[in-house]
Amino acid sequence: MKKFLFLMVALFSVITMFAKDDVTIKSGSLAEIKAAGGSFVYIVWDYSAATLEGQNVDAFLKAKGEDWVANYPQELAEAEAEFAAAVSKSKYVNVTTEKDQAQYIITVKVKDFNYGNTAVAVWVGMGAGDAHFNSTVEFTKNGSTETFAVLDADGVPGGGFGNEARRRDAYEELGEWVVKLIKKAK
């Protein structure tokens, strides 16, 4: 049993050593936001090209049932609030709901969200079966259309029991990555 446990820990360590970051800077720099310190940001969510598990959002929700269709707007609102709360924990930015107060705009363009597999998450654990989503995160100055930084979010995980909890967790994780990348900016 000890050998098996040792092998599992060693395997997990090797896998995580070679794992890539879930969120990376695709272009530009976040140094401007870091240097400004305490700037107000306004968050825009763009779902215009979003899919759910690679399928059209409306078709996916309808196939799952009326409860999914009815609960989806609330699920998004709660997850977006988790992202805003995570970003607000930073000393570098303050989230505002008033666009005219913001110095910067963060636009999250959601590409795909996958709910994962609850059974796998319960039986295997260690992140297996987690939800994940892909997006780009664009930073602009308020009043400008030119982005000064773009982040690529590729497979940001979300755990928890229940689809809503998984999405909230994934959005919170994305917010934590944004803060981490601002903090590391040079």
Side-chain angles (χ1 to χ4, degrees), residues 19-28 30 33 40-90 93 95-99 102 104-118 121 127 129-142 144-182:
K20 70 172 194 60
D21 289 341
D22 296 326
V23 182
T24 57
I25 297 178
K26 186 175 180 178
S27 65
L30 297 170
I33 289 181
F40 283 97
V41 299
Y42 181 78
I43 302 168
V44 175
W45 290 89
D46 181 354
Y47 294 97
S48 62
T51 58
L52 290 173
E53 299 186 7
Q55 301 174 39
N56 172 282
V57 172
D58 292 335
F60 179 88
L61 293 173
K62 285 179 185 173
K64 288 291 189 176
E66 290 302 314
D67 286 349
W68 281 67
V69 173
N71 295 336
Y72 190 67
Q74 183 65 27
E75 176 184 318
L76 292 180
E78 290 175 5
E80 291 167 5
E82 287 292 328
F83 175 85
V87 170
S88 290
K89 290 178 184 173
S90 164
V93 296
V95 175
T96 180
T97 57
E98 302 294 326
K99 187 175 182 180
Y104 300 101
I105 308 294
I106 298 175
T107 303
V108 182
K109 294 184 175 183
V110 178
K111 297 177 190 174
D112 185 61
F113 188 86
N114 187 304
Y115 287 99
N117 186 311
T118 303
D130 280 356
H132 57 272
F133 83 107
N134 302 318
S135 66
T136 57
V137 183
E138 299 177 353
F139 293 79
T140 57
K141 288 184 180 181
N142 197 1
S144 173
T145 58
E146 188 174 323
T147 60
F148 63 86
V150 178
L151 308 181
D152 181 41
D154 184 19
V156 177
F161 296 104
N163 295 325
E164 296 85 358
R166 289 165 179 253
R167 185 182 289 267
R168 284 192 308 268
D169 190 51
Y171 280 43
E172 178 183 29
E173 180 77 17
L174 177 61
E176 291 169 357
W177 269 104
V178 168
V179 170
K180 184 187 301 185
L181 291 171
I182 292 171

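These numbers come from the heavy atoms of this one structure, side chains and all, not from hydrogens, waters or symmetry mates. Heads up: numbering here begins at 1 and tracks the sequence.
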Taken to the nearest 0.5 Å, the spacing of Lys141 NZ from Glu146 CD works out to 9.5 Å
side-chain contact (heavy atoms from CB on, under 4.5 Å) filter on Lys62, not counting sequence neighbours, yields Val69
Margin query: For Glu173 and His132: C-alpha separation, side-chain torsions, deciding distance, then whether side-chain contact (heavy atoms from CB on, under 4.5 Å) applies.
Written below: CA-CA 10 Å; Glu173 180 77 17; His132 57 272; over 6 Å; no
Note to self: Within the structure provided, determine whether Phe83 and Ile43 are in side-chain contact (heavy-atom separation under 4.5 Å).
What the structure shows: yes
**Prompt:** Yes or no on side-chain contact (heavy atoms from CB on, under 4.5 Å) for Phe113 and Leu76, after CA distance, side-chain angles and deciding distance?
**Reply:** CA-CA 11 Å; Phe113 188 86; Leu76 292 180; over 6 Å; no
When every non-hydrogen atom of Val108 is compared with those of Ser135, the smallest separation belongs to CG1-OG, 4.1 Å
*Can a salt bridge be assigned to the pair Lys26 and Asp154 using a cut-off of 4.0 Å between side-chain N and carboxylate O?*
no
Using side-chain heavy atoms (C-beta onward) and a distance below 4.5 Å, is Glu138 in contact with Ile105? no
Intermediate values then yes/no, side-chain contact (heavy atoms from CB on, under 4.5 Å), Leu151 and Leu30 = CA-CA 10 Å; Leu151 308 181; Leu30 297 170; 4.1 Å; yes
Those residues at least two apart in sequence (or on a different chain) that pass side-chain hydrogen bond (donor to acceptor under 3.5 Å, both in side chains) with Thr136 are none
Inset, instruction - Test side-chain contact (heavy atoms from CB on, under 4.5 Å) on Glu82 and Asp169 and set out the steps. - result: CA-CA 8 Å; Glu82 287 292 328; Asp169 190 51; over 6 Å; no
Closest heavy-atom pair, Ala153 versus Leu174, reported as atoms and distance to 0.1 Å, is CB-CD1, 3.8 Å
Check your understanding: Is there a donor-acceptor pair under 3.5 Å between the side chain of Thr51 and the backbone N or O of Lys111?
Key -> yes
Between Ala86 and Val179, the two heavy atoms sitting closest are O-CG2, 3.6 Å
Check: Does any N or O in the side chain of Asp112 come within less than 3.5 Å of the main-chain N or O of Gly54, such that one atom is a donor and the other an acceptor?
Finding: yes
In this structure, OH of Tyr42 is separated from OG1 of Thr96 (nearest 0.5 Å) by 9.0 Å
Value for CD (Glu80) from CD (Glu172), rounded to nearest 0.5 Å, stands at 14.5 Å
Checking Glu164, Arg167, Lys64, Arg166 against Tyr115 for side-chain hydrogen bond (donor to acceptor under 3.5 Å, both in side chains), the one that qualifies is Arg167
message: Side chains of Val137 and Ile106, heavy atoms from C-beta outward: is any pair under 4.5 Å?
response: yes
Value for OH (Tyr104) from CZ (Phe148), rounded to nearest 0.5 Å, stands at 5.5 Å
When every non-hydrogen atom of Ile33 is compared with those of Phe139, the smallest separation belongs to CD1-CD2, 3.5 Å
Using modelled atom types and a 3.5 Å cut-off, is there a donor and acceptor pairing between side-chain atoms of Ser88 and backbone atoms of Ala84? yes
Across all chains, not counting sequence neighbours, the ring-ring contact (aromatic ring centres under 6.0 Å, His included) partners of Tyr171 are Trp45, Phe133
Here the gap from Leu52 atom CG to Tyr47 atom OH, rounded to the nearest 0.5 Å, amounts to 10.0 Å
Spell out, as yes or no, whether a donor-acceptor pair under 3.5 Å connects the side chain of Asn114 to the backbone of Glu53. no
